[in-house]
Amino acid sequence: MIRFLKEDEYGRTRALNDLCFPDEEFSAAYYDDGIVKKSRIAVKEIGGEIVSEAHAAPRKLWYRDPDGRPYSVEVPYIFCVATHPAYRHRGYMDEVLKLMLDVLREDGAPFAFLVPVDPAIYRHLGFVHDWTFGGEEAELLYADDGLTECSAKLLCAAEFRKPERITL
């Protein structure tokens, strides 16, 4: 079954996150400090076990209007994209991301973005607009060491513009 979790189920994703992203600091901050509550989580379950997941949380992307005044647009950031190693290469992540992207489009999101380990993995899903983010943004994007690129997929926007910066 593919679905969005209810907020009181979010803790069920911790085991898969800890397996795929063994970062104790992230796990403690995200789950124990309640940051997870600002997310939406889509999952694929088999026999009641979460085998694939994707989280989305809002981020502000900053731009300048033609007169140079700054403004922000709230855009969903997709992260914690993971599939249990025993269930990989079966298309489960595509199913989860397609559900997530369909709902984000229905909600009117201009685009969604993620920080890919390898951008090629997400090209077939439409994540074709790339830009580099700054070191100060890495923490709020939960980016693994060495990752510095975002990839975006247009949802409701007609075009993509690279943001100047990203904030909460």
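- In this structure, the separation between CG on Leu114 and SG on Cys150 is 8.0 Å, given to the nearest 0.5 Å.
- Across Pro85 and Leu19, no two heavy atoms sit closer than the pair CD-CD2, 3.4 Å.
- The closest side-chain heavy-atom distance from Val81 to Met93 is below 4.5 Å.
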For residues 95-106, tabulate all N or O donor-acceptor pairs below 3.5 Å that involve a side-chain atom, not counting sequence neighbours.
from: Glu95; atom 1: OE1; to: Lys44; atom 2: NZ; distance (Å): 3.1
from: Asp102; atom 1: OD1; to: Arg105; atom 2: NH1; distance (Å): 3.2

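- Annotation: side chain of Phe113 is in contact with side chain of Leu61 (closest heavy-atom distance under 4.5 Å).
- With sequence neighbours left out, His124 forms a side-chain hydrogen bond (donor to acceptor under 3.5 Å, both in side chains) with Asp94.
- Ion pairing between a basic and an acidic side chain is recognised when a charged N comes within 4.0 Å of a carboxylate O; Glu9 and Arg3 show such pairing.
- Residue Leu125 holds its CG atom at 11.0 Å from OG of Ser151, rounded to the nearest 0.5 Å.
- Contact detail for Leu16 and Ala82: the closest heavy-atom pair is CD2-O, 4.1 Å.
- Closest of all the heavy-atom pairs between Tyr31 and His55 is OH-CE1, 3.9 Å.
- Atom CZ of Arg12 sits about 4.0 Å away from atom CD1 of Ile50, to the nearest 0.5 Å.
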task: Apply side chain to side chain contact (heavy atoms under 4.5 Å, CB included) to the pair Phe79 and Leu141, showing each step before the final yes or no.
output: CA-CA 8 Å; Phe79 62 103; Leu141 296 176; over 6 Å; no
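- Nearest heavy atom pair, residue Leu154 against residue Ala158, reads CD1-O, 4.0 Å.
- Contacts of Trp131 classified as side-chain hydrogen bond (donor to acceptor under 3.5 Å, both in side chains), with partners at least two apart in sequence or in another chain: none.
- Note that the OG1 atom of Thr167 and the CD atom of Glu74 stand 9.5 Å from one another [nearest 0.5 Å].
- Note on Leu147: it does not cluster hydrophobically with Ile121, by side-chain heavy-atom contacts below 4.5 Å among ILVMFWY residues.
- By the side chain to side chain contact (heavy atoms under 4.5 Å, CB included) test, Asp65 pairs with Asp67, Arg69, Tyr71, sequence neighbours left out.
- Taking Pro110 as the reference, Val73, Val75, Ala157 meet the side chain to side chain contact (heavy atoms under 4.5 Å, CB included) condition, with sequence neighbours excluded.
- For residues 5-24, the set of pairs meeting the ring pair (Phe, Tyr, Trp, His ring centres under 6.0 Å) definition, not counting sequence neighbours, is empty.
- Scored by the side-chain hydrogen bond (donor to acceptor under 3.5 Å, both in side chains) test, Thr148 finds no partners at all (sequence neighbours excluded).
- Between Ser27 and the choices Asp32, Asn17, Asp18, the side-chain hydrogen bond (donor to acceptor under 3.5 Å, both in side chains) rule is met once, by Asp18.
- Under the 4.5 angstrom side-chain criterion for Ile, Leu, Val, Met, Phe, Trp and Tyr, the cluster partners of Ile46 are Val51, Tyr87, Tyr92.
- Heavy-atom minimum distance, Glu25 versus Asp23: N-OD1, 3.0 Å.
- His84 places a side-chain heavy atom less than 4.5 Å from the side chain of Glu49.
- Pairs passing the salt bridge (charged side-chain N to carboxylate O under 4.0 Å, His left out) check and including a residue from residues 120-141, sequence neighbours excluded, read Arg123-Asp130.
- Residue pairs meeting the salt bridge (charged side-chain N to carboxylate O under 4.0 Å, His left out) criterion with at least one member in residues 149-168, sequence neighbours excluded: Arg64-Glu164.
- Judged by distance alone, the side chain of Tyr63 and the main-chain N or O of Ser72 form no donor-acceptor pair under 3.5 Å.
- The hydrophobic cluster containing Phe111 also contains Tyr77, counting ILVMFWY residues as joined when their side-chain heavy atoms lie under 4.5 angstrom apart, directly or transitively.
- Taking every heavy atom of both residues into account, Ala143 and Phe133 meet most closely at CB-CZ, 3.8 Å.
- For the ring pair (Phe, Tyr, Trp, His ring centres under 6.0 Å) test, no residue two or more places apart in sequence or in another chain qualifies with Phe4.
- With sequence neighbours left out, the ring pair (Phe, Tyr, Trp, His ring centres under 6.0 Å) criterion links Phe26 to Tyr30, Tyr142.
- Taking hydrophobic clusters as Ile, Leu, Val, Met, Phe, Trp and Tyr residues chained together by side-chain heavy-atom distances below 4.5 Å, Ile35 shares a cluster with Ile166.
- Here OG of Ser52 is found 11.0 Å from CZ of Arg90. Values are rounded to the nearest 0.5 Å.
- Between the side chain of Arg59 and the backbone N or O of Leu140, at least one donor-acceptor pair lies under 3.5 Å.
- No donor-acceptor pair under 3.5 Å is formed between the side chain of Asp107 and the backbone N or O of Ala109.
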